[in-house]
Amino acid sequence: MKALNILIVDDSAMMRRMVRRVVDLTELAIGEVHEAANGREALSVLEHHSIDAVFTDLNMPVMTGTELLRALQERPSPPPVRVVISTDGSEARRQEAEGLAVTRYLEKPLRPEVMRDVLCELADVFRD
Amino acid sequence: MFSVSLPTCSGTDARAALEAALAQVAEESFFAVAEPAPDDWRDSLPAGSDWLEATVVFHGAGEGVLTCRLPGALARDLSSAFLGADVDDTPGGVDDMTGEVANMICGCWLTRAFPTKLFQLDGPIIRRDVEAPSADWLVHLLNGAPLGLAVSAARV
């Protein structure tokens, strides 16, 4: 079974820590877990590491999550699975994300069990 | 500071949406119950309470500011509940948590009140040693401790 390499992108260190804690508490095969505070830092991580899934916020300084998702679409390498975690649950934002090949759109406040369920879904996809 | 004259969208009352957003964030992120504070909530404040403030500016389909004030002790309690762990050893963690509380409430409120509109939220600005919320703020108790919200919307 392939271990999932994950990148968590959020300008809130507490939010990154919460997501990482949920990841740690699952019994899934998780490989590397990386963190980035904005889209630009995320792209740097993606340049140097093999990432299977990106969990990203949208409202961030320096480079937003939407800009990151657009940049991912332009990369020549196979893009990672993209999951949005945002306070913005508006229909307009969801539609924008759909156009950027987002697999799942999660709203903050985020229950830990929702995050865990998404990780399990991703693990099943990568297992297959 | 709280504006009750915000225009409504889709028949949703902006103030009711803010209260609902606070209740949702409290329950889902912090396993806390939010209830309206009684008029005399200041009487039960511990002497020398240190208050934190997080301000979130939003723009896009509308422009405005949401401000959240809470005692430092509540911010620490919420941090621990959020992570399921003690956060005393996390430098800046309480400030960061206060900002994330305001960020989540603001985003949740805008989504509820204006579901068809697009907004951008700036990063929270944190201030320490501010005054307790004044009488015109929306104040709720979270696990018995006060949290105040104020909204100033220039255009929605």
Side-chain angles (χ1 to χ4, degrees), chain A residues 8-26 35-41 56-69 84-100 105-117, chain B residues 9-10 21-32 54 56-61 66 75-76 78-85 87 90-126:
Chain A
I8 305 163
V9 192
D10 200 305
D11 55 328
S12 166
M14 293 293 277
M15 182 57 72
R16 296 198 304 271
R17 198 170 159 192
M18 187 277 269
V19 173
R20 180 184 277 267
R21 184 168 172 81
V22 175
V23 170
D24 290 344
L25 288 173
T26 67
E35 297 184 22
N38 57 61
R40 186 180 295 169
E41 284 186 15
T56 185
D57 187 14
L58 293 180
N59 281 303
M60 293 181 290
V62 183
M63 184 179 192
T64 69
T66 303
E67 291 168 334
L68 168 63
L69 293 168
V84 165
I85 305 176
S86 175
T87 58
D88 188 343
S90 68
E91 195 56 40
R93 192 68 76 194
R94 286 174 175 275
Q95 287 176 359
E96 181 181 63
E98 275 181 25
L100 295 170
Y105 193 110
L106 307 178
E107 274 186 59
K108 298 178 191 175
L110 178 67
R111 290 179 186 273
E113 57 267 33
V114 172
M115 179 73 198
R116 180 202 60 205
D117 291 347
Chain B
C9 187
S10 304
L22 171 58
Q24 183 182 350
V25 170
E27 179 186 343
E28 296 187 3
S29 279
F30 306 110
F31 313 103
V56 175
V57 175
F58 59 90
H59 45 91
L66 180 141
R76 284 186 285 277
L78 295 181
S79 299
S80 296
F82 188 69
L83 293 176
V87 294
T90 307
V94 171
D95 286 7
D96 189 88
M97 189 76 264
T98 303
E100 193 58 23
V101 169
N103 182 52
M104 285 194 284
I105 293 172
C106 187
C108 193
W109 168 61
L110 290 170
T111 298
R112 283 174 171 272
F114 312 102
T116 63
K117 309 287 188 185
L118 268 177
F119 295 92
Q120 291 83 45
L121 277 58
D122 290 347
I125 299 167
I126 309 299

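Throughout, protein chains are lettered first and strands after them, A, B, ... in sequence-line order, and every chain is numbered starting at 1. Keep in mind that what you see is a predicted model, and the values were worked out from it rather than measured.
- At a 4.5 Å heavy-atom cutoff, the contact between B:Glu100 and chain A is made by side-chain atoms alone.
- Taking A:Ala13, A:Ser86, A:Pro109, A:Pro112 one by one and counting their heavy-atom pairs under 4.5 Å with chain B, the maximum is reached by A:Pro109.
- Aromatic ring pairs are classed by plane angle as parallel below 30°, tilted from 30° to 60° and perpendicular above 60°; the pair B:Trp109 and B:Phe58 is perpendicular.
- Listed by chain and number, the residues in a side-chain hydrogen bond (donor to acceptor under 3.5 Å, both in side chains) with B:Asp122 are B:His59 (sequence neighbours excluded).
- Considering only heavy-atom pairs separated by less than 4.5 Å from chain A, the leading option among B:Ile105, B:Leu121, B:Val25 is B:Leu121.
- For A:Glu91 and B:Lys117, the salt-bridge test fails: no basic side-chain N is under 4.0 Å from an acidic carboxylate O.
- B:Thr111 places a side-chain N or O within donor-acceptor distance of the main-chain N or O of A:Gly89, the cut-off being under 3.5 Å.
- Using a 4.5 Å cut-off between heavy atoms, A:Arg21 contacts chain B through its side chain alone, with no backbone atom that close.
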